[in-house]
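Here the structure is a predicted model, which is why all the values come from computation and not from measurement.
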Amino acid sequence: MYNADPEIFPLLGIKFLQGKAFDALPDTISHKIVVEEKIIGVINRFFDGKGDHIIGQKYLVSEHHDSNGNNEYEICGVVPDMRRGGFTSHDSDPRPAIIYPTDTPQRTLYVRFKKLDGETLARAQGVIDRLFPDKEIVIFAMKDEIDAKKAPVKHFGTSVMIAGIIIILITLVGLIGYTANEVNRRAKEIAIRKVNGMSVGDILKIFVKDILFVAIPSLLLGFIGAIIIGKRWLGQFTDQVSLSPLSMLGTVTVILVILAAVVIAACLRVAKANPVNYLRDE
């Protein structure tokens, strides 16, 4: 990351974990550099570093030398790791960054706005146009660049969420239909059990137990499959949420509760009805 001005750090709100920025030296290259935090691990692994505090350590950096051939640089500051590129593994740059000072006037002007909207940008563009009437200089918002990087991931995430909701609705419709058919098929059995003195609660337990006998193994298989597929899917992204077993178990529990509620609601209609209505034909 070349040609950085010292003011770029406070402008972008980048905090220093160690040290400070290099000095502003417009006429000569400052042989000091700012590095990302994750470079500490690289230094300790390959260069026999001296722990986490690396301020003041000097290293020879290939292909970065002045007119005298000097390519020794001193680390003057450490900043948190930053994102470069997109959110997938093929369009991001995971390398630990080294930020070099500038020795030439910059052709890019960075401005931090207290309020960033279309009107503000239009006013700023007007000022630039008046200052440089003979040049075409365009102002654009860095936020728009960031949002453009996020857009494919956000759209894909929304699509997955919508597909998941549709799948759940289709599953519930099928479950309600299956349960209603099963209850109607066993309506006479329910009536006979009720005549023989079985309570409504006991009848519900039998049906719920029969459903859970199939549902629990299925959900456990789904739980394992979701963990495996989820980890592989998240592996393509540079930033990943953690697949917490507790959240996954919570999802399984919610599905079981919905399952039991559907079964109970369907069974109650028959269990509370007069048994004669279902045994009249016998």
Nearest 0.5 Å, please: how far is CD1 in Ile55 from CD in Gln18? 5.0 Å
Audit row: Met82, Leu12, side chain to side chain contact (heavy atoms under 4.5 Å, CB included) steps and yes/no: CA-CA 11 Å; Met82 294 176 284; Leu12 296 179; over 6 Å; no
Cys76 to Ala21 - nearest heavy-atom pair and separation: SG-C, 4.0 Å
Between Ser218 and Val214 (side chain of the first, backbone of the second, donor and acceptor by atom type, cut-off under 3.5 Å), is there such a pair? yes
Got a donor-acceptor contact below 3.5 angstrom from the Asp81 side chain to the Glu37 backbone? yes
In this structure, CE of Met198 is separated from CD1 of Ile192 (nearest 0.5 Å) by 12.0 Å
Strictly distance-based, threshold 3.5 Å: is any side-chain N or O of Glu72 a donor or acceptor partner for the main-chain N or O of Lys58? no
How close do Ile40 and Asp52 get, counting heavy atoms only, and between which atoms? CD1-O, 3.3 Å
Separation between CG (Leu256) and CG (Leu249), nearest 0.5 Å, reads 10.5 Å
More than 12 heavy atoms from other groups under 6.0 Å of CE on Met142: no
For Met248, which residues count as a side-chain contact (heavy atoms from CB on, under 4.5 Å) partner, sequence neighbours excluded? Phe223, Ala226, Ile227
Are the side chains of Met1 and Ile8 in contact, using a 4.5 Å heavy-atom criterion? no
Do other residues, nucleotides or ligands put more than 12 heavy atoms under 6.0 Å from Leu131 CG? yes
Does the side chain of Val252 reach to within under 4.5 Å of the side chain of Ile216, using non-hydrogen atoms? no
Between Ile211 and Val257, is there shared hydrophobic-cluster membership here, with clusters defined by ILVMFWY side-chain heavy atoms closer than 4.5 Å? no
For Glu36 and Pro96, indicate whether the former's side chain and the latter's backbone hold a donor-acceptor pair under 3.5 Å. no
Would you check if Phe22 and Ile99 make a side-chain contact, meaning some heavy-atom pair closer than 4.5 Å? yes
With a 4.5 Å cut-off on side-chain heavy-atom distances among I, L, V, M, F, W and Y, is there a chain of contacts connecting Val173 to Ile264? no
Does anything in residues 240-267 form a salt bridge (Lys or Arg N to Asp or Glu O under 4.0 Å)? List the pairs, not counting sequence neighbours. none
Which atoms form the tightest heavy-atom contact between Lys15 and Pro80, and what is the distance? O-CD, 2.9 Å
Report the residues that fulfil ring-ring contact (aromatic ring centres under 6.0 Å, His included) with Tyr178, sequence neighbours left out, ordered by chain and then residue number. none
Using side-chain contact (heavy atoms from CB on, under 4.5 Å) as the criterion, list what pairs up with Ile255, not counting sequence neighbours. Leu219, Thr251
Can you hop from Val254 to Leu175 via hydrophobic side chains spaced under 4.5 Å? yes
Close side-chain approach of Arg232 to Ile228, heavy-atom, < 4.5 Å: yes
Which residues pass the side-chain contact (heavy atoms from CB on, under 4.5 Å) test with Arg95, sequence neighbours left out? Asp93
Please round to the nearest 0.5 Å and tell me the distance separating atom CD1 of Ile75 and atom CD1 of Ile54. 4.0 Å
With salt bridge (Lys or Arg N to Asp or Glu O under 4.0 Å) as the rule and sequence neighbours excluded, what pairs involving residues 112-128 come up? Lys115-Asp117
Can you tell me which residue pairs pass the side chain to side chain donor-acceptor pair (under 3.5 Å) test with a partner in residues 203-213, sequence neighbours excluded? Arg186-Asp210
Same apolar cluster: Leu121 and Phe132, side chain cutoff 4.5 Å: yes
So CD1 of Ile39 and CD1 of Ile98: to nearest 0.5 Å the spacing works out to 4.0 Å
So the salt bridge (Lys or Arg N to Asp or Glu O under 4.0 Å) pairs with at least one residue in residues 125-146 (sequence neighbours excluded) are Lys143-Asp147
Contacts of Ala124 meeting side-chain contact (heavy atoms from CB on, under 4.5 Å) (sequence neighbours excluded), chain-then-number -> Phe113, Ile139
What pairs meet the side chain to side chain donor-acceptor pair (under 3.5 Å) rule with one or both residues in residues 191-204, with sequence neighbours excluded? Glu189-Arg193, Ser199-Asp202
Any side-chain heavy-atom pair of Asp23 and Pro6 under 4.5 Å: no
Which atom pairs, donor and acceptor, lie under 3.5 Å between side-chain atoms of residues 152-172 and protein residues at least two apart or in another chain?
residue: His155; atom: ND1; partner: Ala151; partner atom: O; Å: 3.4
residue: Thr158; atom: OG1; partner: Lys154; partner atom: O; Å: 2.9
residue: Ser159; atom: OG; partner: His155; partner atom: O; Å: 2.9
residue: Thr171; atom: OG1; partner: Ile167; partner atom: O; Å: 2.7

How many angstroms lie between atom OH of Tyr59 and atom CD1 of Ile33, to the nearest 0.5 angstrom? 9.5 Å
